[in-house]
Protein chains: 2
Amino acid sequence: MAIASAALPECSDCPIRHRAVCARCEPEELDALSRIKFYKTYAAGQTIAIRGEPLETVASIVKGTATLTRSIEDGRTQLVGLLLPSDFIGRPGRSEAQYDVTAVTELTLCCFHRRPFEELLEDMPHVRERLLEMALDELDAARDWMLLLGRKTARERISSLLALIVKRSIRPDGGILGDKGRVELPITRETMANYLGLTIETVSRQLTKLRKDGIIQLEGKRTILIPDFGALLAETGDDDDGGMIF
Amino acid sequence: MAIASAALPECSDCPIRHRAVCARCEPEELDALSRIKFYKTYAAGQTIAIRGEPLETVASIVKGTATLTRSIEDGRTQLVGLLLPSDFIGRPGRSEAQYDVTAVTELTLCCFHRRPFEELLEDMPHVRERLLEMALDELDAARDWMLLLGRKTARERISSLLALIVKRSIRPDGGILGDKGRVELPITRETMANYLGLTIETVSRQLTKLRKDGIIQLEGKRTILIPDFGALLAETGDDDDGGMIF
DNA sequence: CGGAAACTTGATAAGGCTCAATGAGTGTGG
DNA sequence: CCACACTCATTGAGCCTTATCAAGTTTCCG
């Protein structure tokens, strides 16, 4: 399934050290985790897990992007989570995947076999605590998305997604976007459509409209310029605020 | 805010003793919780919390139903959670409500002031464990709902909701429904609409269609008869299975 | 350069929304 | 006890947003 097993870098050098489940670990806890961890790499487009099939590992995303999807046999697909570095895959106490998990870019995971991980968990209050915190954050995100899926117009959905991507683009080092308001889209139109509960045609048309209205500029297919972030936020339908959390 | 403070019954007699956050508590943990708990009662329709306002209590629902909603100023409202007995309100480590919480029936809560609860939490592994489990279950439920909101037709949404209500009606004592396939709807058409991301007119029309198609029978406004549960499930758009989870 | 994948654009149709009127159930007060 | 008001629900007519179907176009990449 995995393309290759990478060498094992030290946790102290890990790019997600301060955000993943292990964020608040003491050195000895980190040691214990380190002893049972292993890395896996996936190519863009590869399947990581399939709903209903056994999944005996849990993992943190170290690098890359993955999606969590739910679908119906007739092809309708809904993206239920966008997984970025530091996000956690799998659930302690469950041996079957609840969602389809797919790599959308090249992906590196820091994996643990489920059983040993669960056993270690008993003695690692900091991991449990962080896991709870992350689950609650994801729950909040899922519920915000429910508002979008249930009540927002196509234009508001697109704007919300772009705003979200912008906010996440800023995060990594706290610095502002590479260029003034230039954002790289990490996902295809189809993935956007599946995230937003729309068709790719509607996504495309709404992007065009936002461009014609001067809210955004398109530079090639995957790069977007946002001259006025406030103007974009005004299109999201949100009671602003949510502005800059974190 | 609360109508009245009820007497304090013993935890051992509590109807949600085996499902709430305290489900796996040892007697001494239960004692500790018991010492800081207090009950509150709300009338149907009363507001329990407002998004963005301070919320310094957490609570378990003992009796009744409440809703979690997110909305936009222009009135659009999305229900993001349906809270039933044993469900938990509030989040450790957060002092502001993230959602509007409203009682839809008369409601009894088992409350704790947030700070003391958080402190007790440090020494109660069983509560933390259960809290994580419940959060992950809610996350799964929210994600299933995202599929419904993003991709299902009105008819499928209504059917899914009815199926969900039926499943929950069975749960309490493990016994089958009161009468052969007779289910009481705990919510109004408006609440259903806000849950399903539809208007009340569409909810009403689809219920009528399901009735004309013989999938359900309506008995007054709030009671539904389901002669063939399998037939209802076939209308939900789900790959069946999900059959009887809980 | 050729081919495939990703994206855009157009024409048309349909599902669900909006607006509006009507009906059923419930509680209140004369 | 009936009339009235009020809430909740149903039904209808017309419209609008988004989906569907069908070409084109651009980009990527061997």
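Letters A, B, ... mirror the listed sequences (proteins, then strands); counts begin at 1. As a basis for the values below, the full set of heavy atoms in this structure was taken, side chains included, without hydrogen atoms, waters or symmetry mates.
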Reading DNA chain C 5' to 3', which nucleotide is the first, and which the last, to come under 4.0 Å of any heavy atom in chain A?
->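 Result: C:dA6 to C:dA11.
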Check the distance between [N]'s [atom2] and [X]'s [atom1] and give it to me in whole angstrom.
{"X": "A:R151", "N": "D:dT18", "atom1": "CZ", "atom2": "C1'", "answer": "16 Å"}
{"X": "A:R205", "N": "D:dC16", "atom1": "CZ", "atom2": "C1'", "answer": "14 Å"}
{"X": "B:E219", "N": "D:dA9", "atom1": "CD", "atom2": "C1'", "answer": "17 Å"}
{"X": "A:R76", "N": "D:dT18", "atom1": "CZ", "atom2": "C1'", "answer": "15 Å"}
{"X": "A:E190", "N": "D:dA19", "atom1": "CD", "atom2": "P", "answer": "14 Å"}

Is A:T202 near enough to D:dT18 that one of its side-chain N or O atoms lies under 4.0 angstrom from OP1 or OP2?
->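 The answer is no; no side-chain N or O of A:T202 sits under 4.0 Å from OP1 or OP2.
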Just call it for [X]: base, sugar-phosphate, or nothing, with non-hydrogen atoms closer than 4.0 Å on any strand.
{"X": "B:S204", "result": "base"}
{"X": "B:L198", "result": "sugar-phosphate"}
{"X": "A:R222", "result": "sugar-phosphate"}
{"X": "B:G45", "result": "nothing"}

Mind checking what makes side chain to side chain contact (heavy atoms under 4.5 Å, CB included) contact with [X], not counting sequence neighbours?
{"X": "B:D87", "value": "B:L83, B:L84"}
{"X": "B:E96", "value": "none"}
{"X": "B:S204", "value": "none"}
{"X": "B:T69", "value": "B:T67, B:T77, B:L79, B:D100"}

Sequence-distant partners of A:Y195, ring pair (Phe, Tyr, Trp, His ring centres under 6.0 Å), two or more places apart =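 By the ring pair (Phe, Tyr, Trp, His ring centres under 6.0 Å) rule, A:Y195 matches A:W145.
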Quick one: salt bridge (Lys or Arg N to Asp or Glu O under 4.0 Å) pairs with a partner in residues 188-203 of chain A, sequence neighbours left out?
->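 The answer is none; no pair qualifies.
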Ring pair (Phe, Tyr, Trp, His ring centres under 6.0 Å) partners of residues 43-82 of chain A, not counting sequence neighbours, each pair once =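 Not a single pair qualifies under ring pair (Phe, Tyr, Trp, His ring centres under 6.0 Å).
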Enter the inter-axis angle for the ends of the helix from C:dC1-D:dG30 to C:dG30-D:dC1 (five pairs per end, rounded to 10°).
->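 It works out to 30° between the end axes.
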Protein-nucleic acid N or O pairs under 3.5 Å, nucleotides 22-29 of chain D:
unit_1, atom_1, unit_2, atom_2, d
D:dT26, O2, A:K221, NZ, 3.3

Applying salt bridge (charged side-chain N to carboxylate O under 4.0 Å, His left out), name anything that partners B:D137, two or more places apart in sequence or on another chain.
->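 For B:D137 the salt bridge (charged side-chain N to carboxylate O under 4.0 Å, His left out) partners, ignoring immediate neighbours, are A:R91.
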Can you spot which of B:R155, B:R157, B:K152 makes a salt bridge (Lys or Arg N to Asp or Glu O under 4.0 Å) with B:E235?
->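 Answer after filtering B:R155, B:R157, B:K152: B:R155.
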Distance-only check: which donor-acceptor pairs under 3.5 Å involve side-chain atoms of residues 53-66 of chain B, not counting sequence neighbours?
unit_1, atom_1, unit_2, atom_2, d
B:E56, OE1, B:R114, NE, 3.1
B:E56, OE1, B:R114, NH2, 3.4
B:E56, OE2, B:R114, NH2, 3.4

Salt-bridge test for B:R70 and A:D140: reply yes if a basic N is under 4.0 Å from a carboxylate O, no otherwise.
->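 A:D140 and B:R70: not salt-bridged.
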